[in-house]
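None of these values were measured; they are calculated from a predicted model.
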Amino acid sequence: MSNSLLHSAKQVILTEARAVTQLADKLDQNFVNTCALIQKCTGKVILIGMGKSGHIGNKIAATFASTGTPAFAVHPAEAGHGDLGMIEQNDIVICISYSGESDEIMTLIPVIKRLGVPIIGMTGNADSSIGIISDVHLDVSVEKEACPHNLAPTSSTTVALAMGDALAVSLLNDKGFSPDDFARSHPSGALGRRLLTFVHNIMKTDDDIPNVSADTKLLDALLVMSQKALGMVLITKNNNLKGIFTDGDLRRVLETHPNIQDLTIGEVMTSNCKSISSDKPAMAAVAMMDEFNLNSLPVVDENNQVVGAINTHTLMQAKII
């Protein structure tokens with residue numbers, strides 16, 4: 001039984017993979033014309049599909065919207081009962097229907113045409129009703145569905161989704177859509193946090209900064225380091241950064257100085273230590289800490305005045321790493 005299930009699963013994946021590969025060979029001037037229409041659009045791209053095609057339309061619309069092409073999906077049945085008012089003259093409509101004969105979509109097309117809205121047909125048959133009436137037709141035909149009865153939309157929906165991704169990413173590349181642009185559309189996502197979070201958003205400040213002078217006894221400095229729980233203590237003079245002492249430094253001191261009672265922190269600190277400014281992205285701090293194998297970083301202003309401190313735990317709490 002398990003072998004049969006695995007065989008079926010592999011056949012589905014291979015069938016759909018072949019269909020997507022074949023789609024690449026079908027891309028032609030119609031794809032370029034579609035991109036040109038969307039690039040010139042001053043409104044939104046409206047995706048319309050019924051049933052499984054509607055679900056694919058929702059996903060394509062979401063991908064468009066998150067990559068710099070304003071878009072949303074409209075259910076054709078709801079459109080016939082008022083939602084058609086969402087479509088305006090400066091929009092573009094993409095109709096997804098494998099057969100190209102969806103009654104629900106065909107009912108809407110005369111009204112869309114009267115608005116003067118360009119229609120892009122995404123069907124498996126260029127000679128279908130939707131294919132013929134479209135301003136541009138995108139061929140998403142497949143040799144066979146992955147369903148053994150060649151009935152359930154499987155390969156065809158995968159290919160339609162791939163076509164939508166091809167459009168979205170091609171437009172993204174053409175307009176120079178950057179990771180920062182993407183982050184602005186995803187402020188709650190992991191990428192958004194990483195690109196939109198700056199050091200000043202997460203750093204410890206004021207009394208939370210472990211801060212001592214160079215003449216402080218090492219044991220007293222360790223007490224401060226323990227209280228502030230950042231794995232480091234900063235050594236300053238008039239708040240000007242002079243050095244740093246970390247957990248790692250303590251291990252090295254214990255190996256080389258059997259008697260630490262009389263040591264001052266200034267004698268064992270790391271001078272000319274790495275630091276970062278508060279206006280840098282948090283990811284810049286991650287990159288610096290990775291490059292120099294650091295667990296902690298002082299944050300300073302343009303005058304080398306200490307304004308904050310961060311460590312690996314700070315970055316983890318902010319879900320930057």
Polar contact flag, side-chain donor to acceptor under 3.5 angstrom, S8-Q11: no
Whether T246 side chain and D249 backbone form a donor-acceptor pair below 3.5 Å: yes
Interatomic spacing from CE in M122 to CD1 in I60 - rounded to 0.5 Å: 4.5 Å
For A65 against A71, the heavy-atom pair lying closest together: CB-O, 4.0 Å
Salt bridge (charged side-chain N to carboxylate O under 4.0 Å, His left out) between K113 and D135, intermediate numbers included: CA-CA 10 Å; K113 281 289 189 180; D135 296 283; 3.6 Å; yes
Least distance between heavy atoms, Q39 atom then L171 atom: CG-CD2, 3.5 Å
Pairs flagged by side-chain hydrogen bond (donor to acceptor under 3.5 Å, both in side chains) wherever residues 198-212 is involved - sequence neighbours left out: N211-T236
Side chain Y98, main chain V142, donor-acceptor under 3.5 Å: yes
E88 backbone acceptor or donor facing D91 side chain under 3.5 Å: yes
Distance in Å, I13 CD1 paired with R18 CZ, rounded so as to fall on 0.5 Å steps: 12.0 Å
Side-chain H-bond candidate by donor/acceptor type, S155 with T158, under 3.5 Å: no
Check: T264 main-chain N/O paired with E267 side-chain donor or acceptor under 3.5 Å: yes
Transitive ILVMFWY cluster of I109, excluding itself - 4.5 Å side-chain cut-off: I46, I48, F72, V74, L84, M86, I87, V93, I105, M106, L108, V111, I112, L115, V117, I119, I130, I133
Closest non-hydrogen atom pair between V307 and M203, with its separation: O-CE, 3.5 Å
Other ILVMFWY residues reachable from L241 by side-chain steps of under 4.5 Å: I209, L230, M232, L234, I244, V300, V306
OG1 on T34 to CD1 on I92, rounded to 0.5 Å: 8.5 Å
Within 6.0 angstrom of Q29 CD, more than 12 heavy atoms from elsewhere: yes
H75 side-chain N/O to A77 backbone N/O, donor-acceptor pair under 3.5 Å: yes
Nearest-0.5 Å distance, OG1 of residue T312 to CD1 of residue I320: 12.5 Å
Atom NZ of K280 with >12 non-hydrogen neighbours under 6.0 angstrom: no
Side chains of S156 and K52, donor plus acceptor under 3.5 Å: no
Residue pair N125 / T123, side-chain donor-acceptor N/O under 3.5 Å: no
L297 side chain near I276 side chain, heavy-atom distance below 4.5 Å: yes
Backbone N/O of T154 and side chain of E145: donor-acceptor pair under 3.5 Å: yes
Reported SG-to-CG distance for the pair C41 and N90, which is rounded to 0.5 angstrom: 6.5 Å
S170 side chain to L167 backbone, donor-acceptor under 3.5 Å: no
Exercise: identify the closest heavy-atom pair between M163 and L23: CE-CD1, 3.6 Å
Whichever hydrophobic residues join V224 through chains of side-chain contacts under 4.5 Å: V212, L218, L219, L222, M225, V233, I235, F245, L250, V253, L254, I260, L263, I265, V268, M269
Enclosure of D28 CG (heavy-atom neighbours >12, cutoff 6.0 Å): yes
Distance-only side-chain donor-acceptor flag, E101 / S128, under 3.5 Å: no
Contact check, side chains of L47 and F64, non-hydrogen atoms, under 4.5 Å: yes
Exceeds 12 heavy-atom contacts within 6.0 angstrom, atom NZ of K274: no
Other cluster members, M50 - Ile/Leu/Val/Met/Phe/Trp/Tyr, side-chain contacts below 4.5 Å: none
Shortest non-hydrogen separation from G124 to S141 and the atoms involved: O-CB, 3.4 Å
Distance (rounded to the nearest 0.5 Å) between M316 CE and I202 CD1: 12.5 Å
Heavy-atom donor-acceptor pair, N303 side chain to Q305 backbone, under 3.5 Å: no
D290 atom CG, over 12 foreign heavy atoms within 6.0 Å: yes
By side-chain contact (heavy atoms from CB on, under 4.5 Å) - contacts of S53 (at least two apart): I96
Minimal non-hydrogen separation, I310 against A285, with atom names: CD1-CB, 3.5 Å
Stepwise side chain to side chain contact (heavy atoms under 4.5 Å, CB included) check, T67 with V169: CA-CA 8 Å; T67 54; V169 175; over 6 Å; no
Candidate pair K26 and L138, rule side chain to side chain contact (heavy atoms under 4.5 Å, CB included), full reasoning: CA-CA 9 Å; K26 295 174 186 174; L138 294 173; over 6 Å; no
